**Q** 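Quick one: the structure is below, questions incoming.
Remember, it's a predicted structure, so these values are computed and weren't measured experimentally. What's counted below: heavy atoms across the whole structure, side chains too, no hydrogens, waters or symmetry copies.
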Amino acid sequence: MILHQLLDFELLRVMWWVLLGVLLGGFALTDGFDMGVGALLPFVGKTDTERRIAINTIGPVWEGNQVWFILGGGAIFAAWPPLYAVSFSGFYLAMFAVLAALILRPVGFKYRSKRDSAVWRSAWDWALFVGGAVPALIFGVAMGNVLQGVPFRFNEDLMIFYEGSFFGLLNPFALLAGLVSLAMLVMHGAAWLQLKAEGPVRERARMYGSVAAVVTIVAYALAGVWMASGIAGYAIVGSPVTDGPSNPLLGEVARSPSWFTAYAAQPWIAVAPVLGFVGAVLVFLGFRAGREVSTLLFSKLSIAGIIASVGLTMFPFILPSSLDPKSSLTVWNASSSHQTLFVMLVMAVIFVPIVLAYTAWVYKVLWGKVTEAEITDNSSTVY
């Protein structure tokens, strides 16, 4: 028996769909609060010392948190090549904007303290704001477009044709999804600052975090109502071939009245949006009560529920096509080969636990609050 045949092709495809969600969710749960702190920086820090406190809560961990982003991008490239090709070509300008914003973050961390100038430091603080807010917004806008369908198609030779534009991505529903993403990551960043900071920074984070939690609840609810009433879904015609070749043109796909038909077929997936709402409500209550650890955990719960609700609602679709529904990418027609998925799974089983263990150890070592006394001692901080 060939080793990779120990696991069915269908099972491997589902496992990699789950693993991709775990990797992207891990990015949102870890680097998400880094982006949230960056977006909050000009508002929670009124003095240079206060802004340095906020920055130093994430300075030692942000690079490690971005490992999840790299792993997620690598998983898309290796496990779902057509998804990588379509998304990175169709969303090219949006991806470039994300990359440019993310580059500002390490540059801002390294350069803001190189000159003792208020104007210099303020400029880099706003650069850190852009590096946090812009990716958070664009990721949500991208997801809003995915839910509506992306204007691409394949020809008979499986060549990709994308017929959208950058400004076409900025439609009302996608902007609402971007607001959900930005609000939930600001909420997450505020929960992190409440845990790690002291004094005025902590109190302002509680205030802004409470507002962000309310915005998350309201915007997420509005997006759900909009999806139920105004966004058509997609459905595979007939029985899908779950272990066949990766060729989108071999199956038939039709538009459905709404994505919410998935909840009628599988009511149990409603647990995901429930967790999204309940988590955000508990975050709001946690901010009001001043609870630290539980508020951060509930923030993670809310984010996990919101992200999972999108994936479970769309399954098995991963990138539907509004131009030609038949070209839509699904879990069953867009994966790498059976052997490739198996080899990658073996590597993931080995290395993902190592990443988790190292991350847990880093957070244990760096546990504790960032204080003003530490900030004023230049030998202990560099940001």
Side-chain angles (χ1 to χ4, degrees), residues 11 13-33 35-36 65 68-69 71-73 75-76 79-80 83 87 136 139-148 173-174 176-188 191 212-213 216-228 231 233-234 258-283 296-320 329-332 334 348 352 356:
L11 178 60
R13 282 169 160 168
V14 174
M15 291 176 70
W16 267 103
W17 175 78
V18 173
L19 186 56
L20 179 61
V22 170
L23 294 175
L24 296 180
F27 168 65
L29 296 179
T30 55
D31 204 42
F33 64 71
M35 290 187 284
N65 291 339
W68 296 101
F69 184 54
L71 289 174
I76 293 175
W80 314 99
L83 172 62
S87 59
F139 288 142
V141 169
M143 189 54 61
N145 279 280
V146 169
L147 285 165
Q148 296 175 93
F173 178 78
L176 177 60
L179 177 61
V180 174
S181 175
L182 178 60
M184 76 177 187
L185 294 186
V186 168
M187 173 185 73
H188 200 37
T216 299
I217 295 168
V218 173
Y220 186 45
L222 288 175
V225 171
W226 197 335
M227 279 185 60
I231 304 296
Y234 292 77
S258 170
W259 282 115
F260 276 61
T261 55
Y263 292 88
Q266 297 176 308
W268 66 269
I269 65 176
V271 68
V274 169
L275 290 178
F277 281 116
V278 171
V281 170
L282 293 175
V283 169
L296 182 63
L297 293 177
F298 287 134
S299 178
K300 292 180 181 293
L301 179 68
S302 178
I303 292 173
I306 291 173
I307 293 175
S309 69
V310 176
L312 291 172
T313 299
M314 291 180 59
F315 185 84
F317 291 90
I318 51 179
L319 192 66
L329 303 180
T330 72
V331 172
W332 316 126
V352 170
L356 287 171

**Q** Look up atom CZ in Arg13 and atom CH2 in Trp332, then write down how far apart they are to the nearest 0.5 Å.
**A** 8.0 Å
**Q** Measure the acute angle between the ring planes of Trp259 and Phe317, then classify it against the limits of 30° and 60° as parallel, tilted or perpendicular.
**A** perpendicular
**Q** Compare every heavy atom of Ala212 with every heavy atom of Ala183, then report the nearest pair and how far apart it is.
**A** O-CB, 3.6 Å
**Q** Who are the side-chain hydrogen bond (donor to acceptor under 3.5 Å, both in side chains) partners of Thr30, not counting sequence neighbours?
**A** none
**Q** How many angstroms lie between CZ in Phe277 and CD1 in Ile306, if you round to the nearest 0.5 Å?
**A** 8.0 Å
**Q** Please report the shortest heavy-atom distance between Gly140 and Ala177, naming the atom on each side.
**A** O-CB, 3.2 Å
**Q** Check whether any side-chain heavy atom of Phe173 lies under 4.5 Å from a side-chain heavy atom of Leu147, and answer yes or no.
**A** yes
**Q** Is there side-chain contact between Met35 and Val186, with heavy atoms separated by less than 4.5 Å?
**A** no
**Q** Sort and list the pairs that fulfil side-chain hydrogen bond (donor to acceptor under 3.5 Å, both in side chains) and have at least one residue in residues 261-274, not counting sequence neighbours.
**A** Tyr263-Thr313
**Q** Specify the closest pair of heavy atoms between His188 and Gly32, including all atoms of both residues, with the distance to one decimal.
**A** CD2-C, 4.0 Å
**Q** To the closest 0.5 Å, what do you measure between CG (Leu275) and CD1 (Ile307)?
**A** 12.5 Å
**Q** Val218: which residues meet the side-chain contact (heavy atoms from CB on, under 4.5 Å) condition with it, sequence neighbours left out?
**A** Val214, Leu222
**Q** According to ring pair (Phe, Tyr, Trp, His ring centres under 6.0 Å), who are the partners of Phe298, at least two apart in sequence or on a separate chain?
**A** none
**Q** Please enumerate all residues that pass ring pair (Phe, Tyr, Trp, His ring centres under 6.0 Å) together with Trp80, with sequence neighbours excluded.
**A** none
**Q** Could I get the full list of side-chain hydrogen bond (donor to acceptor under 3.5 Å, both in side chains) partners for Thr216, not counting sequence neighbours?
**A** none
**Q** What is the distance from atom CG of Leu83 to atom OG1 of Thr330, rounded to the nearest 0.5 Å?
**A** 11.0 Å
**Q** Under the side-chain contact (heavy atoms from CB on, under 4.5 Å) test, which residues partner Ala219, sequence neighbours left out?
**A** Leu176, Leu179, Val180
**Q** So which atom in Pro320 and which in Met314 form the shortest heavy-atom distance, rounded to 0.1 Å?
**A** CD-CE, 3.6 Å
**Q** Please tell me whether Ser302 and Tyr220 have a donor and an acceptor in their side chains that are separated by less than 3.5 angstrom.
**A** no
**Q** I'd like a table of donor-acceptor pairs (distance under 3.5 Å, sequence neighbours excluded) in which one partner is a side-chain atom from residues 14-28, with atom names and distances.
**A**
| unit_1 | atom_1 | unit_2 | atom_2 | d |
| --- | --- | --- | --- | --- |
| Trp16 | NE1 | Leu341 | O | 3.0 |

**Q** Please give me the minimum heavy-atom distance between Ala136 and Ser181, naming the atom from each residue.
**A** O-OG, 2.5 Å
**Q** Which residues satisfy the side-chain contact (heavy atoms from CB on, under 4.5 Å) test with Ala304, sequence neighbours excluded?
**A** none
**Q** Shortest non-hydrogen contact from Ile217 to Ala280?
**A** CG1-CB, 3.5 Å
**Q** Output all residues satisfying side-chain hydrogen bond (donor to acceptor under 3.5 Å, both in side chains) with Ser87, sequence neighbours left out; order by chain, then residue number.
**A** none
**Q** Is the shortest side-chain heavy-atom distance between Phe33 and Asn65 below 4.5 Å?
**A** yes
**Q** Suppose we screen for side-chain contact (heavy atoms from CB on, under 4.5 Å). Which residues come up paired with Met143, at least two apart in sequence or across chains?
**A** Val146, Val310
